[in-house]
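Treat the numbers as computed from the prediction; the structure is a model and nothing was measured. Position 1 is the first residue of the sequence, and the numbers go up from there.
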Amino acid sequence: MLACALSAPLTAQQSAPETVTGRVTSSATNGSISGALVYVTRGPDRLVLQDTTDTDGRWRLIFTPGTGDYLVFISSPGSESFRKRLRLRRLR
């Protein structure tokens, strides 16, 4: 099974770039998973960006412009896939 900690900075402007980051770990061993494929889909236009986790299980994608609405999908051979929707609130 995969576990993932996700984060994204909040911005005041809707058209500003947003960075979506995370770290993929094994829920069984609590160790990081390198080489996992990460796909993030931006709503509402369904633009998909992809990254691969580094040796520490970390990944990072930048969306310009940011919309605050993302679907994260992570897969790694031998592990159960992970899917989560992120909805970011805007600072005003």
Is the shortest side-chain heavy-atom distance between Trp59 and Val40 below 4.5 Å? yes

Are Val38 and Leu88 connected in the hydrophobic side-chain network, where two residues link if heavy atoms are under 4.5 Å apart? yes

Checking Ser26 side chain against Thr29 main chain: does a donor-acceptor pair fall under 3.5 Å? yes

Decide yes or no for Tyr70 and Thr41: does some side-chain heavy atom of the first lie under 4.5 Å from some side-chain heavy atom of the second? no

Donor-acceptor pair, Glu18 side chain versus Gly68 backbone, under 3.5 Å? yes

Rounded to the nearest 0.5 Å, how far does CG of Leu37 lie from CG of Asp51? 9.5 Å

Donor-acceptor pair, distance only, cut-off 3.5 Å: does the side chain of Ser34 make one with the backbone of Thr53? no

What's the shortest heavy-atom distance between Gly57 and Ser32, and which atoms? N-CB, 3.9 Å

Once side chain to side chain contact (heavy atoms under 4.5 Å, CB included) is applied, do any residues pair with Arg85, and if so which ones, sequence neighbours excluded? Asp69, Leu71, Arg87

Once you round to the nearest 0.5 Å, how far does CZ of Arg42 lie from CG of Leu47? 4.5 Å

Could you list the residues that satisfy side chain to side chain donor-acceptor pair (under 3.5 Å) with Asn30, not counting sequence neighbours? none

Between the OG atom in Ser75 and the CD1 atom in Ile33, the distance rounded to the nearest 0.5 Å is 10.5 Å

Which residues satisfy the side chain to side chain donor-acceptor pair (under 3.5 Å) test with Arg58, sequence neighbours excluded? Asp56

Let me confirm one number: the CD1-OG1 distance from Ile74 to Thr52, rounded to the nearest 0.5 Å. 11.5 Å

Rounded to the nearest 0.5 angstrom, the CG-CG distance for Leu61 and Leu49 is 5.5 Å

Evaluate the side-chain contact (heavy atoms from CB on, under 4.5 Å) criterion for residues Val72 and Arg83: first the C-alpha distance (whole Å), next the side-chain angles of each, then the deciding distance (0.1 Å), finally the verdict. CA-CA 6 Å; Val72 179; Arg83 183 183 312 256; over 6 Å; no

Side-chain contact test, heavy atoms from C-beta onward, threshold under 4.5 Å: evaluate it for Phe73 versus Ser81 and give yes or no. yes

